[in-house]
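For reference, the structure discussed in these notes is given below.
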Amino acid sequence: MSKSIKLAKMAPEEKKNDAVSLTEQRLHQLNAIKAKGIDPYPVRFLGKRDILDIRNEYFGIKNDQTPQEDAQNVTTAGRVVAIRDMGKAQFLQIQDQSGKIQIYAGNKTLNEEDYFVLTHLDLGDIVGVKGRPFRTQKGEASIHAESLKILSKNLAPLPVVKEKEGETFDSISDIELRYRQRYIDLAVNPDTRATFQLRSAIIREIREYLYEKGFMEVETPMMQAIASGAAARPFQTHHNALDIELYLRIAPELYLKRLIVGGYEKVFELNRNFRNEGISTKHNPEFTMIEIYQAYADYNTMMDLVQDIFEMLALKLLGKTEIPYGKTASNGVEHIISLKKPWKKIEYLESIKEKTGLDFAKFLSDENPSAKEAKKMASSIGLKADTLNTFWEVVDLVFSERVEVELIQPTVVMHFPKAISPLAKSIPGNPYLVERFEPYIMGREMGNAFSELNDPLEQELRFKEQAAQQASGAEETMPTDEDFVTALKVGMPPTGGLGIGIDRLVMLLANKASIKDVILFPLLRPQK
RNA sequence: GAGAAGCUAGCUCAGUCGGUAGAGCAACUCCCUUUUAAGGAGUGGGUCCCGGGUUCGAUUCCCGGGCUUCUCACCA
């Protein structure tokens with residue numbers, strides 16, 4: 001029964017304490033449990049209550065109550081995260097998805113089989129407990145175990161995390177381990193669990209908000225013969241039976257607008273998009289975006305919608321519209337972001353002029369403004385744009401470098417040049433600017449919206465302009481989708497569309513500096 | 001794709017001006033039935049990321065490679 005017996009059974013070569021034998025030691029524990037006739041991986045453990053639920057009922061939400069002496073037994077379960085061995089009794093801490101609680105267990109209340117389990121427990125094991133809630137002499141909320149069942153034996157030891165008064169000791173800081181083996185990160189770091197619970201809540205609240213407003217969620221192809229609807233490099237794949245090349249979608253936009261053509265008036269899709277581009281703290285090759293389309297609406301409708309959604313999420317999930325951001329960011333500067341609407345609105349070209357003195361608006365009427373000219377202007381304020389090939393790409397560089405980075409508080413940037421907005425409708429009476437806006441928070445683009453272009457002939461022209469821009473060396477342009485033009489010919493009502501990057505939204509609300517912190521399994525280079 | 005930093009025990013980290021390494025926690029043995037970063041006594045544990053080179057000798061110096069992080073570029 002004692003641990004010395006186990007050791008006596010171990011072959012000498014198993015006594016080594018290196019990395020391999022750590023698992024071997026546990027295998028030995030496992031075999032001892034099996035030899036006792038106990039199943040270390042039982043089929044089921046029913047009637048488990050959440051630890052938080054038990055705490056609230058017996059110890060009070062503020063942890064200021066003490067259970068009655070004759071309190072009923074409760075049943076719960078979780079992973080063993082701490083063992084304090086007192087000899088013939090032990091204190092365990094178990095953790096489930098809702099929280100932690102202490103278990104007090106000894107040979108006075110456990111039967112022989114359960115006591116055997118107790119003395120053969122390791123950190124990381126999952127146990128089921130039945131017992132009476134009570135407070136120890138030191139006041140710790142506990143369960144006095146009357147039965148203790150092993151539900152799953154831990155064979156791959158977890159990092160040991162200790163904490164005192166909220167401070168964590170020896171947590172895992174190896175970022176690679178946290179991303180590659182997220183199950184360990186989740187098992188060990190409460191903050192990681194909280195982040196992904198928040199992510200789930202954000203997505204749920206957005207869906208419910210839109211359902212409430214009469215929107216319908218749809219699913220459009222992720223595998224597309226033409227990857228359009230945005231300007232980005234796609235992933236390519238192959239369908240064997242049809243023997244065709246397919247692309248993973250870079251945006252659902254053109255399909256969603258086909259649905260508006262078909263007669264649905266309020267649709268959205270919240271799902272993955274794929275872009276074959278670099279990986280950074282703000283980019284993962286697969287990322288989640290929501291696109292929302294509403295017929296008989298315009299970009300003003302979308303402006304209200306995006307502010308409503310952000311404000312609603314902050315209030316519902318964080319309880320306030322003023323939220324901190326940046327404490328964990330690399331620069332260490334904390335900002336208080338106010339998501340309260342209405343947000344500040346600025347004009348795209350005007351904002352560049354204000355910040356830099358450069359006036360690009362006068363080039364709007366120019367059919368094919370020279371990139372050289374723009375580069376000259378950019379270099380006059382110290383910006384190098386050597387790798388760019390078109391006028392408006394250079395302008396966008398100036399915007400990102402001098403305007404975007406300063407948009408800490410929520411700001412709506414409006415009215416982009418038509419040349420870089422091939423799917424947006426022109427402002428009436430202004431042939432050069434479009435009814436488009438992008439919300440920015442913390443210097444980051446959080447979305448993109450416009451009054452959707454529904455003139456098929458105009459759309460055809462815009463696609464042609466994109467092709468021409470590509471010919472003149474633009475890095476990324478939007479491919480022509482003939483069938484989409486055909487759809488517009490059938491007739492699409494005036495429509496407003498909005499896209500929001502969900503990952504970045506979660507980063508904002510969860511106060512995370514890296515997109516990898518809000519994606520459960522971010523793409524990493526495979527280990528050799 | 002470019003630059004910078006990092007990689008040492010299961011975890012968090014020291015360290016070696018070149019002589020094959022330490023701490024705390026974890027693990028193992030013993031004591032302990034209200035402890036809590038439990039405590040006390042003892043023990044073991046390392047391909048110092050990988051491969052070359054220089055050297056009597058490399059974890060350390062040099063070269064190459066791997067992976068990660070950060071910054072930049074592209075995108076959301």
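All values reported here derive from a predicted model rather than from experimental measurement. Here is how names work: the chains are called A, B, and so on, in the same order as the sequence lines, proteins then strands, and each is numbered from 1.
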Need one value for A/E291: base, sugar-phosphate or nothing, where a base atom within 4.0 Å counts as base even if backbone is also close, heavy atoms only. nothing
Donor-acceptor pair present, A/Y104 side chain and B/U33 base, under 3.5 Å: yes
Which residue is it: A/R182, A/R504, A/K512, A/R178? I am looking for the one with a salt bridge (charged side-chain N to carboxylate O under 4.0 Å, His left out) to A/D517. A/R178
Phosphate OP1/OP2 of B/U36 contacted by A/K100 side-chain N/O (<4.0 Å): no
So, is A/S142 close to the B/U34 phosphate, meaning a side-chain N or O under 4.0 Å from OP1 or OP2? no
Is a donor from one side chain sitting under 3.5 angstrom from an acceptor on the other, for A/N73 and A/R132? no
Is it the case that the base of B/U35 and the side chain of A/Q102 share a donor-acceptor contact (distance under 3.5 Å, atom types as modelled)? yes
Could you tell me whether A/E445 contacts a base, only the sugar-phosphate backbone, or nothing, with contacts defined as non-hydrogen atoms closer than 4.0 Å? sugar-phosphate
Using the six-membered base ring of B/A76, report whether A/F287 stacks on it, requiring centroids under 5.5 Å and planes under 30° apart. yes
Return no unless some side-chain N or O of A/R26 is found under 4.0 Å from OP1 or OP2 of B/G10. no
Starting from P on B/U12, measure out to CG on A/N189 and report it in whole angstrom. 10 Å
Can you see whether A/Y440 engages A/E438 through a side-chain donor-acceptor pair at a distance of less than 3.5 angstrom? yes
Verify the contact: side-chain N or O of A/R84 to OP1 or OP2 of B/A38, cut-off strictly under 4.0 Å; return yes or no. yes
So, does A/K516 get its side chain near the phosphate of B/U69, meaning an N or O under 4.0 Å from OP1 or OP2? yes
We want to know whether A/E269 and A/T220 form a side-chain donor-acceptor pair, criterion being a heavy-atom distance below 3.5 angstrom. yes
